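Structure first, then comments.
Residue numbers begin at 1 in each chain, while the letters A, B, ... track the order of the sequences. Model, not experiment: these values are computed from the prediction.
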Number of protein chains: 2
Amino acid sequence: MYIGELSAQSGLSIDTLRYYEKIGLIPDPTRDQGGRRVYQESIKDWIAFLKKLRATGMGVKDMARYAALREVGPETANQRRQMLEDRRDIVTAKIEELSDCLNLLNYKVDLYEKMERDGLETSSPLEAKVQTKGLLKKED
Amino acid sequence: MYIGELSAQSGLSIDTLRYYEKIGLIPDPTRDQGGRRVYQESIKDWIAFLKKLRATGMGVKDMARYAALREVGPETANQRRQMLEDRRDIVTAKIEELSDCLNLLNYKVDLYEKMERDGLETSSPLEAKVQTKGLLKKED
DNA sequence: GTAAATTCTGGGGTGCACTCTAGGTCAACA
DNA sequence: TGTTGACCTAGAGTGCACCCCAGAATTTAC
């Protein structure tokens, strides 16, 4: 598989694939006679995992550390497990934070809906504006 | 309240407060005789909300758009509600994505724990390495 | 009265994660 | 044979969200 196909199948751009290779996230692939990168099918699983790590907010440096440990072999399993546990804690906290944000967003959307309904019920736009102005100042 | 105190109480650095002011996230505060920024207490609520929006991953440009709409007045409530609803969808999706990631992390931490246990049970480190190598290649 | 602390402005610097460009090589097809 | 399209390298550029710095003014404390 050449880099174009891997890009299409993995969802990473060609540039990103080369960048990931350069910083050690992806092992150097073999080359064909013309110097083109030739990838194994199995690389797709690894890339899928890398994408998951990125989705957790892990920076590429940490990912490169993880990738380097993986290259060393099974004796680094302990360190990798630790990294994943750390990341798990971070993700758990982030989910909680986002849930909080979601509650706030829901609350405010409700408020806005009420405001807009009230604005329609009182057929006086001007009054409605004055009425809701207080709410706005407090709540946005 | 001067900028130093606001920084301490809001958790944003002095530089960030001035930056937010420059890009329109925070309304221009009044100044004292010496030209120093003087903030109202109420600004803290607004900043707290801005921090929530940032926590959802909203970029400062969108935040500035929201802030600008807010400055205009209640007649922009509809657009702001729309922005918050859009953001709500994004946050909901992000929480789902992170939950997926969390499952994967838990699964892999479990795997690593099993691997390390097996490594201890078989008192032969070399064999253990060979045994787990297959798992590693498949699972990391 | 002077030294220290705080704030001011304008503009440059940083780290991150890519993304793009220029100038070339190579394989396959008409 | 020649041209098209995919790929190559090295390095520069981008957008984001700050962060830092120099040099000046002002306020506060002693």
Cationic N near anionic O, under 4.0 Å, A:E21 to A:R18:
no
Before we go on, tell me: are the rings of B:Y107 and B:Y112 under 6.0 Å apart, centre to centre?
no
Distance in angstrom units between B:K22 NZ and D:dC18 C1', rounded
10 Å
Residue closer to the 5' end of DNA chain D, A:Y39 versus B:Q33 (nearest nucleotide):
A:Y39
Roughly how many Å is it from OH in A:Y2 to P in D:dG5, rounded to a whole number?
18 Å
Between D:dA17 atom P and B:L12 atom CG, what is the distance in whole Å?
14 Å
Outermost nucleotides of DNA chain C that come under 4.0 Å of a non-hydrogen atom of chain B
C:dT6 to C:dT9
Assign each of A:G34 and A:R18 the nucleotide of DNA chain C bearing its closest heavy atom; nearer the 5' end lies the nucleotide of A:R18
Whole-Å distance between D:dC7 P and A:E21 CD?
14 Å
A:I14 CD1 - D:dA10 P separation (whole Å):
17 Å
Crowding at CD, A:E96 (>12 non-hydrogen neighbours, <6.0 Å)
no
Hey, is the main chain of A:A67 close enough, under 3.5 Å, to the side chain of A:W46 for a donor-acceptor pair?
no
Those residues that, when tested against B:N106, pass side-chain contact (heavy atoms from CB on, under 4.5 Å) (two or more places apart)
A:R88, B:L102
Distance below 4.0 Å between B:R36 side-chain N/O and D:dT28 OP1 or OP2
no
Taking for each residue the nucleotide of DNA chain D bearing the nearest heavy atom, is the 5' side occupied by B:G35 or by B:V60?
B:V60
Spacing between A:I3 atom CD1 and D:dT9 atom C1', to the nearest angstrom
12 Å
Just N and O in the side chain of B:Y20: are any of them under 4.0 Å from OP1 or OP2 of D:dC18?
yes
Distance, nearest 0.5 Å, that separates CG of A:D86 from OG1 of A:T56:
11.5 Å
Nearest-Å distance for atom pair CZ/C1', residues A:R37 and D:dC8
7 Å
Are more than 12 heavy atoms from other residues, nucleotides or ligands located less than 6.0 Å from atom CD of A:Q40?
no
Does the side chain of B:T16 get closer than 4.0 angstrom to OP1 or OP2 of D:dC18 through an N or O atom?
no
B:S13 side chain: which of D:dC8, D:dC19, D:dA17 is closest?
D:dC19
Calculate the interatomic distance between A:L6 atom CG and D:dA6 atom C1'; express it in whole Å.
15 Å
